[in-house]
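Right, one structure below, let's go through it.
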Protein chains: 2
Amino acid sequence: MRLERVDGDVPDTQLSVMFGIVNNEGLTIGALSDLERVTPPSMNRTVNALVERGLATRSGSPDDGRKVIVTATDSGMQLVEETRRKRVAWFSKQLSTVSADERAALDAASPILRRLADS
Amino acid sequence: MRLERVDGDVPDTQLSVMFGIVNNEGLTIGALSDLERVTPPSMNRTVNALVERGLATRSGSPDDGRKVIVTATDSGMQLVEETRRKRVAWFSKQLSTVSADERAALDAASPILRRLADS
DNA sequence: TATTGTTATACTCTATAACTATA
DNA sequence: TATAGTTATAGAGTATAACAATA
């Protein structure tokens with residue numbers, strides 16, 4: 001599903017961070033590096049790339065001068081929405097090849113797989 | 001599971017190629033790039049890294065002078081076997097947290113997921 | 001002429017260590 | 001002193017384009 005994207009070759013990692021800042025308000029560099037499970041320097045670099053592409057902006061936190069809040073630009077929000085639309089469409093198409101019984105089997109396995117993935 | 005590895009920090013990609021050459025005889029650079037779904041130059045680079053680490057060797061094909069066959073060294077085979085052992089142990093441990101009913105649900109979902117992944 | 005591999009080049013992601021600025 | 005972010009540096013993976021060697 002991650003391969004479903006909008007033309008314009010924004011890499012996967014950068015796209016994932018875009019989804020993060022669109023879906024959550026006021027994320028800092030540190031919060032983003034926790035979310036994506038990378039180190040702060042790595043996230044810093046990725047955010048730089050997003051800002052250079054005009055997809056995100058940095059702004060200082062009002063309450064803590066050390067923190068930096070990353071926000072999506074209009075262009076960034078548009079990219080996320082288009083990508084989401086494409087992914088939902090792809091997923092729906094995949095799901096249409098699954099019978100009701102198969103769907104039930106997947107539903108049954110889903111929470112077990114999630115538990116194993118989180119452990 | 002892929003995170004389960006032997007100490008010595010051989011990266012994931014390189015380890016995956018090692019499993020490829022241990023599990024299949026006489027693989028060429030081209031065959032390996034197909035197997036790992038990367039371009040030949042990329043695979044060439046990875047094989048170079050393996051040779052530098054002493055895990056694999058290159059040798060010319062007897063029947064086609066253009067082809068290069070990649071083979072695991074003793075050290076390479078040892079690394080693969082130890083890694084496999086660790087991964088099997090990890091997997092068994094995970095499986096031990098799954099009840100018989102849950103196991104049945106996973107077994108039912110498995111072929112469906114495989115079909116979707118291949119499509 | 002087509003195929004196989006290689007080299008050159010460039011971009012992305014990742015990490016650790018060391019540094020700056022703020023709390 | 002501790003925390004948030006940044007810069008410096010280095011290793012790894014990926015791709016495309018251009019090239020050499022062989023079929």
Side-chain angles (χ1 to χ4, degrees), chain A residues 2-3 5-21 24-71 76 79 83, chain B residues 2-3 5-21 24-71 76 79 83:
Chain A
R2 217 171 289 158
L3 298 176
R5 54 173 84 165
V6 176
D7 282 348
D9 64 10
V10 177
D12 245 26
T13 308
Q14 293 178 27
L15 211 39
S16 184
V17 172
M18 286 307 300
F19 274 84
I21 64 178
N24 306 279
E25 296 276 309
L27 286 183
T28 62
I29 300 286
L32 275 171
S33 56
D34 286 347
L35 189 63
E36 300 287 332
R37 296 169 190 262
V38 296
T39 56
S42 185
M43 182 52 64
N44 187 53
R45 190 187 179 82
T46 300
V47 169
N48 282 342
L50 293 175
V51 171
E52 275 163 30
R53 284 179 200 266
L55 300 172
T57 54
R58 307 173 105 99
S59 55
S61 168
D63 54 291
D64 188 335
R66 296 169 302 180
K67 292 187 179 173
V68 168
I69 291 174
V70 184
T71 314
L79 174 67
T83 305
Chain B
R2 217 171 289 159
L3 298 176
R5 54 173 84 163
V6 176
D7 282 348
D9 64 12
V10 176
D12 246 26
T13 306
Q14 293 178 24
L15 211 38
S16 183
V17 172
M18 286 307 301
F19 273 85
I21 64 178
N24 306 279
E25 296 276 309
L27 287 182
T28 62
I29 300 287
L32 276 171
S33 56
D34 286 347
L35 189 65
E36 299 288 332
R37 298 171 191 261
V38 295
T39 57
S42 183
M43 182 52 63
N44 188 52
R45 191 187 178 81
T46 300
V47 168
N48 281 343
L50 293 175
V51 171
E52 276 163 29
R53 285 180 200 266
L55 299 172
T57 54
R58 307 172 106 99
S59 55
S61 167
D63 54 291
D64 189 334
R66 295 170 303 180
K67 292 185 178 173
V68 168
I69 291 173
V70 185
T71 313
L79 173 66
T83 306

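In the text below, chain A, chain B and the rest are named by the order of the sequence lines, each starting its count at 1. What's counted below: heavy atoms across the whole structure, side chains too, no hydrogens, waters or symmetry copies.
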Option from B:N44, B:T71, B:I69, B:L50 for which side-chain contact (heavy atoms from CB on, under 4.5 Å) with B:R58 holds
B:N44
Spacing of A:R45 atom CZ relative to D:dG5 atom C1', expressed in whole Å
16 Å
Does B:N44 put a side-chain nitrogen or oxygen below 4.0 Å from OP1 or OP2 of C:dT6?
yes
Please name the pair of heavy atoms, one in A:R53 and one in A:P11, separated by the smallest distance, quoted to 0.1 Å.
NH2-CD, 3.3 Å
Separation of D:dG13 atom P from B:D9 atom CG, nearest Å, is 11 Å
Do A:R5 and A:V10 have side-chain heavy atoms sitting under 4.5 Å apart?
no
Check every atom of D:dT6, C:dT12, D:dG13 against the side chain of A:V68 and return the nucleotide holding the closest atom.
D:dT6
Closest to the A:K67 side chain, choosing from D:dA4, D:dT14, C:dC13
D:dA4
For the side chain of A:S33 and the backbone of A:I29, is there at least one donor-acceptor N/O pair under 3.5 Å apart?
yes
Side chain to side chain, B:L79 and B:L15, heavy atoms closer than 4.5 Å:
yes
Rounded distance in Å - CG (A:N48) to P (C:dC11)
16 Å
Roughly, in whole Å, what's the span from CZ in A:R2 to C1' in C:dC13?
14 Å
Over how many whole Å does the gap from A:D12 atom CG to C:dC11 atom C1' extend?
15 Å
Which residues, if any, of residues 52-66 of chain B bring a heavy atom under 4.0 Å of DNA chain D?
B:R53, B:D64, B:G65, B:R66
Whole-Å distance between C:dC13 C1' and A:L50 CG?
13 Å
For A:L15 and C:dT12, what is the distance between atoms CG and C1' respectively, to the nearest whole Å?
14 Å
Please round to the nearest 0.5 Å and tell me the distance separating atom CG of B:L55 and atom CD of B:Q14.
8.0 Å
Can you tell me which residue among B:V70, B:V38, B:L32 is in a side-chain contact (heavy atoms from CB on, under 4.5 Å) with B:V17?
B:L32
Which residues within residues 27-43 of chain B lie with some heavy atom under 4.0 Å of an atom in DNA chain C?
B:T28, B:I29, B:G30, B:P40, B:P41
pair A:L35-A:M43: side-chain heavy atoms closer than 4.5 Å:
no
CZ of B:R2 to OG1 of B:T83, rounded to nearest 0.5 Å, is 13.5 Å
